[in-house]
Amino acid sequence: MPHTRGAQDIILFRNDAPSVVLIMTSNGLGSGSLLNDNTILTNRHVVGNEQQVTVIFKPSDPSGKARPDEVVRADVIKLDVQRDLALLRPASIPSRHTLDISAEDSIDVGADVAAIGHPTGEAWTFTKGIVSAFRPNYEWSGGPNDTKHVATVIQTQTPINPGNSGGPLLTEDGKIVGVNSFRTSGAEGLNFAVAAKEIRAFLANPNNGMQAQNACTQAKIIFEGRNDNNTAFIRTISLRCDDKVDVVVVFPDNKQQSIYALVDSKRRGKADGIVLASRQSGNWTTSVWDFNLDETYPLRGLHSNGQLMPTSYVKRCGEGKTPLKDFKCA
């Protein structure tokens with residue numbers, strides 16, 4: 001293939017786009033990069049206060065339909081509020097190559113750089129631009145209620161929009177030179193990425209920084225007692241340590257019945273997941289999910305690690321069948 005700019009860009013996207021993931025939370029979406037230790041690098045503001053998120057790998061099917069192993073849960077394992085960086089550990093990873101962090105402390109102004117991400121939900125979008133400036137100890141915040149951030153950043157003309165956050169800013173040889181993080185509102189072409197030197201420092205820091213972002217280290221129990229029919233013990237829980245219930249765990253008196261949890265994963269005031277646990281092991285084993293709240297529960301959750309939230313999802317009904325209410329299929 002001729003060594004033209006267009007051809008280089010085609011190769012760059014073809015090689016590296018499968019290593020860029022879509023991150024979904026209860027409040028929105030963002031981007032991330034798969035690293036060589038099987039972790040995912042993103043922005044702290046992408047994951048917010050959540051301890052688990054959903055990660056979608058670029059579908060290998062040409063139709064764009066993700067396989068079950070391409071949609072997984074990931075734990076938030078490390079945060080850096082000051083640099084606005086986060087690290088995730090996915091429950092499993094499909095066959096993908098990984099991205100390398102640039103070993104250079106700076107990058108030349110005028111250098112070509114590219115971004116891969118999901119601006120405004122347009123999945124796996126490729127944009128291209130140049131480095132406008134390299135700015136050490138730059139200060140910014142994401143809004144009036146956001147913490148002040150300080151880090152060395154790369155100013156670039158590469159278009160960055162909501163949904164690009166957390167994704168890689170790449171050199172022509174496919175190295176991560178920055179994490180796309182923010183733009184200047186009301187201005188054209190003022191986009192910023194946290195520089196590679198800050199990423200390397202974040203990854204090398206033995207402290208995870210979680211306590212600086214969220215003092216919630218375990219779920220908060222809101223209520224414990226009997227249900228109205230006096231047939232089970234119930235426990236209501238806030239996973240975010242506030243006073244809003246997002247999980248109700250039910251322990252039926254009848255030992256032949258399973259322990260189950262009603263999960264309001266998006267905090268909409270109505271459970272969208274039913275999770276069953278084994279009375280023998282105490283591990284969560286299976287679940288059904290109704291994210292559209294239409295009572296059809298089209299997805300079944302797989303709990304390979306025994307945790308409350310699934311590690312992946314599959315269709316509840318077989319291929320070509322439609323999920324109906326009352327857990328039926330047609």
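Side-chain atoms of Asn38 and Arg89 include no donor-acceptor pair closer than 3.5 Å. Thr286 and His303 form no side-chain donor-acceptor contact under 3.5 Å, judged by distance and modelled atom types alone. Side-chain polar atoms of Asp272 and Ser265 form a donor-acceptor pair below 3.5 angstrom. A donor and an acceptor atom, one from each side chain of Asp294 and Thr296, are located under 3.5 Å apart. Side-chain atoms of Ser312 and Arg300 form no donor-acceptor pair, as typed in the model, at a separation below 3.5 Å. In this structure, a donor-acceptor pair under 3.5 Å is absent between the side chains of Thr25 and Asn27. A donor-acceptor pair shorter than 3.5 Å cannot be found between the side chains of Ser278 and Thr285.
Atoms OG1 and CG, from Thr127 and Asn164 in turn, are 5.5 Å apart once rounded to the nearest 0.5 Å. Between atom CZ of residue Arg135 and atom CD1 of residue Ile154 there is a gap of 12.0 Å, rounded to the nearest 0.5 Å. Annotation: the span from Thr236 atom OG1 to Ile222 atom CD1 amounts to 6.0 Å, rounded to 0.5 Å. Summarising the geometry, atom OG belonging to Ser181 is positioned 10.5 Å from atom CD belonging to Glu198; distances are rounded to the nearest 0.5 Å.
Classification of Arg200 and Asp105 as a salt-bridged pair holds, one side-chain N sitting under 4.0 Å from a carboxylate O. The pair Arg226-Asp253 meets the salt-bridge criterion, with a side-chain N (NZ, NE, NH1 or NH2) lying under 4.0 Å from an Asp/Glu carboxylate O. Taking 4.0 Å as the cut-off between side-chain N and carboxylate O, Lys65 and Glu70 do not count as a salt-bridged pair. With salt bridges taken as basic N to acidic carboxylate O contacts below 4.0 Å, none links Asp326 and Lys328.
Among residue pairs with one or both ends in residues 92-129, those qualifying as ring-ring contact (aromatic ring centres under 6.0 Å, His included) are Phe13-Phe126, His118-Trp124; sequence neighbours excluded. Among pairs with a residue in residues 68-90, none fulfils ring-ring contact (aromatic ring centres under 6.0 Å, His included), at least two apart in sequence or across chains.
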Quiz prompt | Residue pair Asp9, Lys128: steps toward the salt bridge (charged side-chain N to carboxylate O under 4.0 Å, His left out) verdict | solution = CA-CA 9 Å; Asp9 293 343; Lys128 190 76 181 284; 2.8 Å; yes
Quiz item: Given the rule in the side chain to side chain contact (heavy atoms under 4.5 Å, CB included) test, do Val71 and Phe57 qualify, once you have shown the distances and angles that lead to the verdict?
Solution: CA-CA 6 Å; Val71 182; Phe57 288 86; over 6 Å; no
Quiz prompt | Derivation of the side chain to side chain donor-acceptor pair (under 3.5 Å) call for Thr231 and Asn229 | solution = CA-CA 5 Å; Thr231 58; Asn229 296 328; 5.0 Å; no
Practice problem: Take Phe134 and Ile107 through the test side chain to side chain contact (heavy atoms under 4.5 Å, CB included) and record every step on the way to the result. | Solution: CA-CA 7 Å; Phe134 188 78; Ile107 186 170; 4.2 Å; yes
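The environment of Glu104 atom CD is sparse: at most 12 non-hydrogen atoms of other residues, nucleotides or ligands sit within 6.0 angstrom. For Asp228, the CG atom counts as loosely surrounded, since its 6.0 Å shell holds 12 or fewer non-hydrogen atoms of other residues, nucleotides or ligands.
Inter-residue side-chain proximity for Leu35 and Ile176 is flagged as met; some heavy-atom pair is nearer than 4.5 Å.
Centroid-to-centroid, the aromatic rings of Trp140 and His149 come within less than 6.0 Å.
The backbone N or O of Ser63 lies less than 3.5 Å from a partner atom in the side chain of Asp61, making a donor-acceptor pair. The backbone N or O of Ile259 sits nowhere less than 3.5 Å from a side-chain atom of Arg279 that would complete a donor-acceptor pair. Under the 3.5 Å distance criterion, the side-chain polar atoms of Asn227 are matched with a main-chain donor or acceptor of Ala232.
The aromatic rings of Phe182 and Tyr138 lie parallel to each other, their planes meeting at an angle below 30°, with 60° marking the opposite boundary.
Neither Leu262 nor Leu299 shares a network with the other; the hydrophobic side chains, linked directly or stepwise wherever heavy atoms of I, L, V, M, F, W or Y lie under 4.5 Å apart, form separate groups for each.
For Ser304 against Thr311, the heavy-atom pair with the smallest separation is OG-OG1, 3.1 Å.
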